Amino acid sequence: MGLVQYHPGLNRPTTPVCSICIANYNGERMLAECLDSVLSQQPARPIEIIVHDDASTDSSVAFLREHYPQVEILASADNVGFCIGNNRMVEHARGEYVLLLNNDAALYPDALDTLLATAGAGDRRILTLPQYDWVSGTLVDRGCRLDPFYNPVPNLAPGRSEVAMVIGACLFLPRALWGELGGFPDWMGSIGEDLYLCCRARLTGAGVSTTANSGYRHRQGQSFGGNRVDGGKMHTTYLRRQLSERNKTATLIICTPTWLVWPLLLAHLIALSLEGALLAGWRRDRRIWTSIYAKTWRSVASNWHDWLTRRRQVQGARRIGLRDYFALFVPAPRKLVLFLRHGFPAVRQ
């Protein structure tokens, strides 16, 4: 699937402490700030930088080869998506830890030292850094909790380090833990793969945490469109919403412990249908229903057997109970909170 051309970096370390993996698609204009932030890190042991280029139509690969010869490049002949791109990079990586970093993000100067110091020897955790908006510099989250329907709820409390999930724009973990969890599901494509990985990790007893200090800047929504508030209104895209709803539904089915999954799934699908009908009617745009919500129902029907098979595998490895799993969830539906605050989202191509 997607022939990959390998461009080795100069002086690739044999035993790096961390492999920084950057998925790129048409990100030439953002790569320099991202890579410069990585190269400014000063860890005690060497690191390696790997970029997976997802068949970009801009000059990303030529730019990297000319200006960043120390970077390893995996150049895909086909556009395969975020999940496969990251899986390829981690398979290629040699580091004790891996840091998945978006091409539209940049690390604070002490970010890697902070992650390594927080992880410690033998730690079995997924970690992130506080996320700050690229333009305004305001805190976006310190990881996220979840609502009952698996919508991320930003954690802004400085004293709360344990979270339900971290955003894939900056996701750090031992490479051995990635292998144990099986990485990102290829079929998810993009959006929600971070949610799945973190829920899967927590079921096995692995922690999901945020550091207290340092951080990273992020151009939210630049790499995939939407997912931000501008002028007091939420903005998103058809594709982002469709993938988000499909992959959140899959995660709910696969990861929710015990029989509680079935009434929760029913409530989720009813709420999703009402949301789709109201949004399509309010915007007078039938495509909102057909391109987002109807596709979620079709995905449940067509993937039901595969998702139940995966559920049995995941739940068979579960090491925590229902109470511990839901300890990092909040009761208030996140979408209702956002609607009351910002109204219906603007959906675009």
Side-chain angles (χ1 to χ4, degrees), residues 1-24 27 31 34-54 60-61 64-65 67-77 80-103 105-107 109-129 166 168-186 193-194 197-198 200-201 204 206 211 216:
M1 180 192 300
L3 182 67
V4 176
Q5 185 176 7
Y6 171 54
H7 301 281
L10 295 178
N11 304 316
R12 184 186 186 193
T14 305
T15 55
V17 65
C18 185
S19 303
I20 290 86
C21 301
I22 302 169
N24 178 71
L31 279 169
C34 176
L35 289 168
D36 288 347
S37 78
V38 174
L39 293 170
S40 71
Q41 307 297 307
Q42 298 293 328
R45 289 169 55 191
I47 63 172
E48 65 177 356
I49 307 172
I50 305 169
V51 173
H52 181 274
D53 185 80
D54 206 10
S60 288
V61 173
L64 289 169
R65 297 192 70 182
H67 297 285
Y68 295 93
Q70 66 273 65
V71 171
E72 308 271 332
I73 307 170
L74 305 180
S76 179
V80 295
F82 188 79
C83 289
I84 291 176
N86 277 284
N87 288 339
R88 285 175 174 175
M89 287 188 286
V90 180
E91 183 179 2
H92 182 75
R94 299 182 185 183
E96 179 182 354
Y97 299 94
V98 293
L99 171 61
L100 309 186
L101 187 67
N102 272 21
N103 62 357
L107 299 173
D110 61 344
L112 193 53
D113 278 342
T114 300
L115 288 166
L116 291 168
T118 304
D123 201 340
R124 192 168 171 273
R125 271 192 294 177
I126 295 175
L127 285 171
T128 195
L129 299 156
V166 306
C170 181
L171 190 155
F172 175 94
L173 77 168
R175 186 160 58 93
L177 179 58
W178 175 276
E180 176 188 338
L181 299 174
F184 292 147
D186 287 352
E193 70 292 320
D194 43 12
L197 189 76
C198 291
R200 173 87 175 83
T204 69
T211 66
Y216 71 103

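Keep in mind that this is a model prediction, so the values were computed, not measured.
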CA sep, side-chain torsions, deciding dist, call: Tyr6, Ile73, side chain to side chain contact (heavy atoms under 4.5 Å, CB included): CA-CA 6 Å; Tyr6 171 54; Ile73 307 170; over 6 Å; no
Step-by-step side-chain hydrogen bond (donor to acceptor under 3.5 Å, both in side chains) determination, Asp36 to Tyr68: CA-CA 9 Å; Asp36 288 347; Tyr68 295 93; 2.8 Å; yes
Audit row: Asp186, Asn87, side-chain hydrogen bond (donor to acceptor under 3.5 Å, both in side chains) steps and yes/no: CA-CA 8 Å; Asp186 287 352; Asn87 288 339; 2.8 Å; yes
Candidate pair Leu101 and Cys34, rule side chain to side chain contact (heavy atoms under 4.5 Å, CB included), full reasoning: CA-CA 9 Å; Leu101 187 67; Cys34 176; 3.8 Å; yes
Worked verdict on Glu72 versus Ile49 for side chain to side chain contact (heavy atoms under 4.5 Å, CB included): CA-CA 6 Å; Glu72 308 271 332; Ile49 307 172; over 6 Å; no
Side chain to side chain contact (heavy atoms under 4.5 Å, CB included) between Met89 and Leu74, worked out: CA-CA 8 Å; Met89 287 188 286; Leu74 305 180; 4.2 Å; yes
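Side chains of Leu31 and Ser60 form a contact here, defined as non-hydrogen atoms less than 4.5 Å apart. The closest side-chain heavy-atom distance from Val166 to Asp194 is not below 4.5 Å.
Under the 3.5 Å distance criterion, the side-chain polar atoms of Asp54 are matched with a main-chain donor or acceptor of Val80. In this structure a side-chain-to-backbone donor-acceptor pair under 3.5 Å is missing from Asn102 to Ala105. Put simply, the side chain of Asp53 never gets that close to the backbone of Ala75: no donor and acceptor are under 3.5 Å apart. For the pair Ser19 (side chain) and Ala93 (backbone), a donor-acceptor distance under 3.5 Å is absent. Distance alone, capped at 3.5 Å, is enough to place a donor-acceptor pair between the Glu48 side chain and the Arg94 backbone. Without hydrogens or angle criteria, Arg175 side chain to Gly95 main chain gives a donor-acceptor distance under 3.5 Å.
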Under 3.5 Å donor-acceptor pairs involving side-chain atoms of residues 112-122, not counting sequence neighbours:
| unit_1 | atom_1 | unit_2 | atom_2 | d |
| --- | --- | --- | --- | --- |
| Thr114 | OG1 | Asp110 | O | 2.8 |
| Thr118 | OG1 | Thr114 | O | 2.7 |

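Every salt bridge (charged side-chain N to carboxylate O under 4.0 Å, His left out) that Arg45 has, sequence neighbours left out, goes to Glu96.
Between the CD1 atom of Ile20 and the CG atom of Leu107 there is a distance of 7.5 Å, given to the nearest 0.5 Å. The line from CZ of Arg88 to CG of Asn86 is 11.0 Å long, rounded to the nearest 0.5 Å.
For an aromatic pair to be called close, the ring centres must be under 6.0 Å apart, and Phe172 with Trp178 fails this.
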